[in-house]
Amino acid sequence: MLEVLRRIVQEVNTARDLDQVLDIVVTKIKLSMAVDAASVFLVDSEHNQLVLKKTDGLNREAVNSARIPIDQGLVGYVVSTAETLNIANAKKDQRYLRYPSVGEEDYNAFLGVPVIYQRKVLGVLVAQRVEKRRFREENVAFMIALSSQLAGAIAHWRLRTETDISNDPDRGKEKCFSCVPGAPGVAIGTAYVIYSSSDFDAVPDRQVKNVEAEIKIFKKAVESVCADLKAMRERLVDVLSDEDHALFDAYILLARSDTLVNGTIRRIRAGNWAQAALRDTVQEQIMRFTDLHDEYMRERADDIREIGLRIFRKLHSDDSAPIKYPKRTILVGEEIGATQLADVPAKRIAGVISAKGSNSSHVAILARAMGIPAVMGASNISLGWMDQCEVIADGYQGRIYVQPPPVIKMEYSRMIKEESKLKKELRGMRQLPTETRDGVPMTLLINSGILADEASQKADDGDGVGLYRTEFLFMLRESFPSEQDQRTLYANILKAYAPRPVTIRTLDVGSDKPLPYFPVAEDNPALGWRGIRVALDHPDLFVTQVKAMLKASEGLENLQIMFPMFSNLDELDEVQALYEHALYEVRQEGFDIVTPKVGAMIEVPSAMIQAESFAKRVDFLSIGTNDLTQYLLAVDRNNARVARLYDNLNPAVLSAVKSIIDAGKRQAKPVCVCGEMAGDPMTAVLLMAMGVSSLSMSCSNIPKVKWAIRSFTFKQAQALLEQVFRQEHTHQVRSLIYNAFESVGLHNLIRIDA
Ligand code: PEP
Ligand code: MG
């Protein structure tokens, strides 16, 4: 069964439209389960109906026209209960309703399985037999497994069918998608889709300007692939059997075949660029060859894909033309990385849309730091076709509008204006102290590290830097930076803020911050080799970095060093020994260094529980609420599917943070919060009431947090915190804070951030 399932899923993955997906589904159900009829009904929520979309066994004429009220009949029952229904004699069942047009009179046994995606019933898979006998357990298990495997694809294709503007007579009509908020703000701009050389299917359609030149580029790529294959064959001449030799020749023939070459050229002539023309030709060929029951044909399909990919990679790597980013670029991609974001000129980047990732992914954090809106988790939208379209990215609500109609655009333009007015007002607060209405001061620090030179631009804001993430500095290079390079960069940031403190964090790579030149493949990277674990396994890298920081601090005296991701005290002891060694060596080299303050990040539940023991050993603690929340709630911070479970206002998260602050107090050690929670006005007020020593956040959040703190008395904030700790549910906490914010006149802040 698993093998059959795997093949069906594989085949569905190469389908070019919803119709083909459904065709595969009914054909395979009928064949694999030897039933008399197999059908798919999909929910039309606009009309509250179930529509027969595909059948092999019922009346084909009824496809698209047979519409059943959503809560009626056996299929309606499956939708309303979201449960499987397996009965021997459908016509005797009281829920049965006769729909003559469907043509199911001859059938008795009925098996209906709901297709559920993200808690929503999308439709029903139905198998029917003449024989009056319930379906066997293995048939039921097969259909359930098939339905769960295909739900994502059906959701994807449905959406794509609804939104495919390339063949859409309504081209220009707006499309709106709900995704996940990434970074706050709204941007109206032009989508620019990026994709990697391994992402053949994500190539956007692009209009070709010079058809003949594009054909030349394509032919050159084909010949280059053939030359590579020939060279490979020559190299392996002594190793390969005759049969394997022949394989290389077959590959070359395939690459030069009329179907592949002429098919692609035809598509280029029709106006698409070579990469997308090739993609369509290859996919068409694969569909033709894919036959689940013929091993030979399946292998031919694999060969075509392999050759297509090779030509595509050539086209991709030869595409050296400098990218012309649109004036207000909304960068769109499967998984946008820090380097791709940094590649867009600062003046042109207006927003980000990423299929992967969630609110606390590092790309979202980067976008927040740059003050540009981001929408994450756009995974059910085929992104390619958005290329060059006008797009609105609403980072507050996690919404995307493609080709927005004037009325929506007007509304968003108004919002953008209001926002910039608010920003101006907030800027007016710049010179005012950060203190509560009754004069209790709060230290606001900046999270930095995107680009070292940005530090000087932002040096006016904040009381210093609470978190300088060094990994971005490493990510934007092609190899590990030398001690000297690092020293120069750290000295820049220390100088820009002196005498205010700058807390530089040692390298925290791994998980969603991989280094391109230090690849690590793991099944579960968030629980894998990251942060301090990498440092301890590579003391050379760690010591080089710490030495660079120490040397950079000579004469400045404002360096603080912080270590990430501890899960036990042994790690801290070992790191401290390495640190002492680095300090000793630097002094031996003749540098006159004031001993910096050293801190530990608390971002793993085990460290949270032992926070007091950590506090005893260091000068300060810093709470990494991004990771602490993910590990405490067991919610991957990069997974859009579970994004709604990731919530800093979860009472468990609030209690955990409070317990760390209390542990620091007991040891008379300052505690900073440097996760995103510090930069959210709603949580910042609570953290202040908990007694945190400082809050460190993206520069763009400082004005909002300052405004919130200046709107409360310390007593009011404490009273709110007390009430919050009496709540058991996140939604109760949220509404308490909303009310409190409204009562002190912060409606604007809630409206914008809600
Ligand atoms: C955190 O986890 O809260 C944190 C500040 O570190 P990062 O987001 O870089 O993992
Ligand atoms: Mg972290």
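Indexing begins at 1, ligand by ligand and atom by atom, following the structure's order. All values below come from the heavy atoms of this structure, side chains included, with hydrogens, waters and symmetry mates left out. One is the number of the first residue; the rest follow in order along the sequence.
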Measure centre to centre between the rings of Phe518 and His538, then say whether the value is under 6.0 Å. yes
Could you walk me through whether Asn701 and Asp680 pass side chain to side chain contact (heavy atoms under 4.5 Å, CB included), step by step? CA-CA 7 Å; Asn701 285 338; Asp680 177 344; over 6 Å; no
Taking only heavy atoms of the protein into account, state which residues are under 4.0 angstrom from an atom of ligand 1, in chain and number order. His362, Ile365, Leu467, Arg469, Arg505, Asp508, Lys513, Arg530, Met601, Glu603, Gly624, Thr625, Asn626, Asp627, Arg637, Cys674, Gly675
Angular separation of Glu603 OE1 and Asp627 OD2 about the Mg ion (ligand 2), given to 10°: 100°
Should the ring pair Tyr490 and Tyr468 be called parallel, tilted or perpendicular, given that the plane angle runs from 0 to 90° and is split at 30 and 60? perpendicular
Do Arg637 and Asp627 sit within salt-bridge range, that is, some charged N less than 4.0 Å from a carboxylate O? yes
Taking both backbone and side-chain atoms into account, decide whether Asp508 has an N/O/S atom under 2.8 Å from the Mg ion (ligand 2). no
May I ask you to check whether over 12 heavy atoms, not counting those of Arg617, lie within 6.0 Å of atom CZ? yes
Is any NZ, NE, NH1 or NH2 atom of the basic residue among Asp662 and Lys658 found under 4.0 Å from an Asp or Glu carboxylate oxygen of the other? yes
Any salt bridge linking Asp508 with Arg530? Criterion: basic side-chain nitrogen under 4.0 Å from a carboxylate oxygen. yes
